[in-house]
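Treat the numbers as computed from the prediction; the structure is a model and nothing was measured. Residue numbers start from 1 in every chain, and the chains themselves are labelled A, B, ... in the order their sequence lines are given, proteins ahead of strands.
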Amino acid sequence: MSDMYEALVKIVGKNYVSNQKEERYFYGRDPGLMSPHEPDYVVMPRTTEEVQKIVKLANKEKIPVVPKGGGLALTGLVIPLKGGIVMDMKRIDKILEVNERARYVIVEGGTTEGGLKSYLEKHHPSLRHSIPDAPPIATVVANAVIHGQGRLTQQYGFNSDMVTGLEVVLPTGEICRIGSCSISKYWFSRGAPMPDLSGLFLGWLGTTGVITKMGLKLYPRKKIRDVEVFVTDKEDLVPDILFKLTHTEMVEDINIWCQPHPPMFRENHHVTILITGDSEEELQFKKKMIWDALQEYIDSKDGGFMWVMPDAKPTFLEMPLESLSKFADVRKGGGFEYSGPIVLAEDYPECSRKLAELAVKYKLTYSGMVRVIGRSHCIMFGFAYTFNRADLDEMDRVRKALHEVAEFALEQGGTHWKPTVDEQKMMMERMDPDTLKLMGKIKGLLDPNGIMNPRNWEVG
Amino acid sequence: MEKYAEQIHRCFRCGWCKFTSDYLDLNCPSYKRFRFDTFSTSGRLWLTYAWLRGELEWSEHLAEILYSCTTCKNCVEQCPMGFADDIVDWIVGARSDMVEKGKIPPRVAHFFEAIHGYGNPLKLLRSDRGAWANGTKRYEPGDEYLFYVGCLGSYDENAQKMAMSLAELLNEAGVSFGILGSEENCCGNEVYMLGEIGLFQVLAETNSQKFKELSVKKIVTLSPHAYNTMKNTYPGFGANFEVYHYTQLLYDLIKKKKVKLSQNKAKVTYQDPCFLGRYNKIYDEPRRILQSIPGIELVEMERNREDSFCCGGGSGNFIMDLLAGGEDSPSRVRVRDAYETGADTLAVACPSCMTMFVDAIKAENLDAKLTVRDISQIVKESLASR
């Protein structure tokens, strides 16, 4: 083991390798509820070449490697379940290029969401990316790898759909370029019109390679943003409301939230509608279209627009969303976790009822957090329960509730988003056998020694 | 602070504390320097919680992680949680526990020994504390201000020049003031931040008693660190006097035209000291002083005011320097920030910042391009009477 330490020091320098128990403790955990498992080493490379050397070394020695970004998935995806090396990617954080006219950016593997937002605002104020609600230390690459969602997901799909190219260090050490960048200096397409190989890496949770560079689509940044909140106490109407809203194609982002605290929010379903425009006229036109689309619910007294006080608007408009992190401290306990299955919008009523039912059953504080993906093609329904990190019993109750959510989501016909190892198993058990076999073949081909983030997407 | 053990688990390790408010850069000095998550605020809080629960044994590395925090309060500024204001108290509480158990890094132990034995962290003779003063009068009851010079101002070569400039300016403006010279003792701000609460109490009580005996009504401090502890903590020890940082007094004197300024052509950027800015919300007076000087162009570093990046000297690190080594040490990062503005002068209002930046400018080979000057020195050079 000391030879391994020395070998890692030789690659990245002694300041950026640790086998001390403090780093092993911290990197063996995430903020969620998964059981800890400590790495043997934490290493922080600075370049693709350093990543390559580390991976080659690990592959030779058959030592696990777990690439880590912000470590904020909450579902244990960067907990090194078989020990080995946690590779903290956040030193590889340069923004390499913005092609303003083709609207894409090339970032390194550890560039943070906050860093990219700030960079674009400063240097390319007409452009934006689909920033998720995660804290700003979340990394752009890790967010795409877990099929994250962001502010532009209602318009353009999962954030992973916006990827325009990859540079990947394979588990066997080769450095591959994926997409147009494999034959050109431009990173405008991740595949089309060629075979799209990005699917070998996106969604695989770091089990098929380490992404060291990524191209990402950027979108126009409108000058004005505003928010409307439509409220209904009839959850059964929400799918229709979403269908009508997305039909307008006037909306930047749609979130739905339901929670019992404070009491004024109880039993209501709040549809947050974010709108953008380059002029007041454009904004008013979009608002009118949205109001017209929902007028029937106002007429039938089934819902209405909530007046959002000017002081409260920043809470809805902020990017990233500070209020989401604050949920962890609702009970002054430092914890929350959510299961966020991807389901159809028509499942909203059942999901919201299940959310509240489990909160009662397990005596928990909850919040339902939903993001519309595409033109209501599906939704991410976040079953979020807060817990006190010092209350082991409450933590256990949240685990049980989330396990029930996991089973429920699959029964509804949904899939798990950023699944825990157990949720991955549940999905693989239901998966078409030939599809599962294909996953196994791909994994075996790319990672013959099984060193990459082992136990995740482990077939058979 | 006593209740930190029951609260510390509330950190979610979401990481907002690592940034500036616009996420433009990493703004936690020790995280920027070391880059392991353990060296961020959440790392410290999670490791301390593990230590309190017996999941982690004490080690020198654990203590260094805890003590590499400069208590700059960036995390307090950026943390979105309801407990944000308590974070520094939690850090100090954890350090206090380590002090009580005798489990502290050797450099911290030496710091305390020096204060205890010599009344300053540099282990220099008490009798030499006023050696810089060169005729500056001793404080006598009836003087309007006690000029509290502090440890660096008394002993450090560069900080002494700050003290001399300020004394000269106060004399020029006809301010009635005096110093304590060899009778001055350490203010204890760093001792408190490092968790030696017993020693801090002794210093605070002794100093408060001394000020009382001398009928001190107003104190002007050279250091924001002394200003902070005398203003915010000493009242708990029966102290009853007004405290000013020298930039407050100097700006007042300039407004009243007791200090008259003439042309001084320079392009200046200003470093907000943490204990003046984030701790006490004094952002404007130093800038207004600089803007009062004809010919001075004040340019801001991208990170400024609440988002200012610490020099790395807080919590005694101006002596212990647990964040030193390499180009990512905070003082070197910060002089690069200053240089990028195009300024020829990096203005400071804190002896710790002065000490840290003088060394950093040499390390960055910027000696010929950027000069560190205290605001009092810049004002002195701009006096109309010169």
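- No side-chain heavy atom of B:C79 sits under 4.5 Å from any side-chain heavy atom of B:T41.
- Taking a cutoff of 4.0 Å between a charged side-chain nitrogen and a carboxylate oxygen, B:D22 and B:R303 do not qualify as a salt bridge.
- Both the backbone and the side chain of A:F26 come within contact range of chain B, judged by heavy atoms closer than 4.5 Å.
- Comment: B:E327 does not engage B:R336 in a salt bridge, judged by the lack of any side-chain N to carboxylate O separation of less than 4.0 angstrom.
- Of the listed residues B:E55, B:H9, B:K18, B:R53, the one with more heavy-atom pairs under 4.5 angstrom with chain A than any other is B:H9.
- Within the 4.5 Å cutoff, no side-chain heavy atoms of B:M320 are placed close to those of B:E190.
- With respect to A:R29 and A:E38, a salt bridge is recorded, a charged nitrogen being found less than 4.0 Å from a carboxylate O.
- Both the backbone and the side chain of B:L62 come within less than 4.5 Å of a heavy atom of chain A.
- Heavy atoms closer than 4.5 Å to chain A are found in both the backbone and the side chain of B:C14.
- With a 4.5 angstrom heavy-atom cutoff, B:F83 touches chain A via backbone and side-chain atoms both.
- With chain B as partner, the option from A:K122, A:R331, A:K117 having the largest number of non-hydrogen pairs under 4.5 angstrom is A:K122.
- Heavy atoms of B:E64 lying under 4.5 Å from chain A are absent altogether.
- For A:S18, the parts lying under 4.5 angstrom from a heavy atom of chain B are both the backbone and the side chain.
- The pair B:D272-B:R287 meets the salt-bridge criterion, since a charged nitrogen lies less than 4.0 angstrom from a carboxylate oxygen.
- Remark: B:D37 engages A:K90 in a salt bridge, criterion side-chain N to carboxylate O under 4.0 Å.
- Interface remark: A:Q20 contributes side-chain atoms only to the contact with chain B (heavy atom separation under 4.5 Å).
- Contacts between B:Q7 and chain A at a heavy-atom distance below 4.5 Å are absent for every atom of the residue.
- Here B:A50 is the residue among B:G326, B:G82, B:A50, B:G325 with the most heavy-atom pairs under 4.5 Å with chain A.
- The residues B:E77 and B:K73 are annotated as not salt-bridged, no charged nitrogen and carboxylate oxygen being separated by less than 4.0 angstrom.
- Interface residue B:L24: backbone and side-chain heavy atoms are both found under 4.5 Å from chain A.
- When heavy atoms are compared at a cutoff of 4.5 Å, A:V17 approaches chain B solely by way of its backbone atoms N, CA, C and O.
- Contacts of B:F36 with chain A are made by both backbone and side-chain atoms, with heavy-atom separations under 4.5 Å.
- In summary, B:D328 and B:R332 do not engage in a salt bridge, as defined by a charged side-chain N under 4.0 Å from a carboxylate O.
- Ionic pairing of B:K32 and B:D25 is present here: one or more N-O contacts between side-chain nitrogen and carboxylate oxygen are shorter than 4.0 angstrom.
- If you measure heavy-atom distances from A:L120 to chain B, you find no contacts under 4.5 Å at all.
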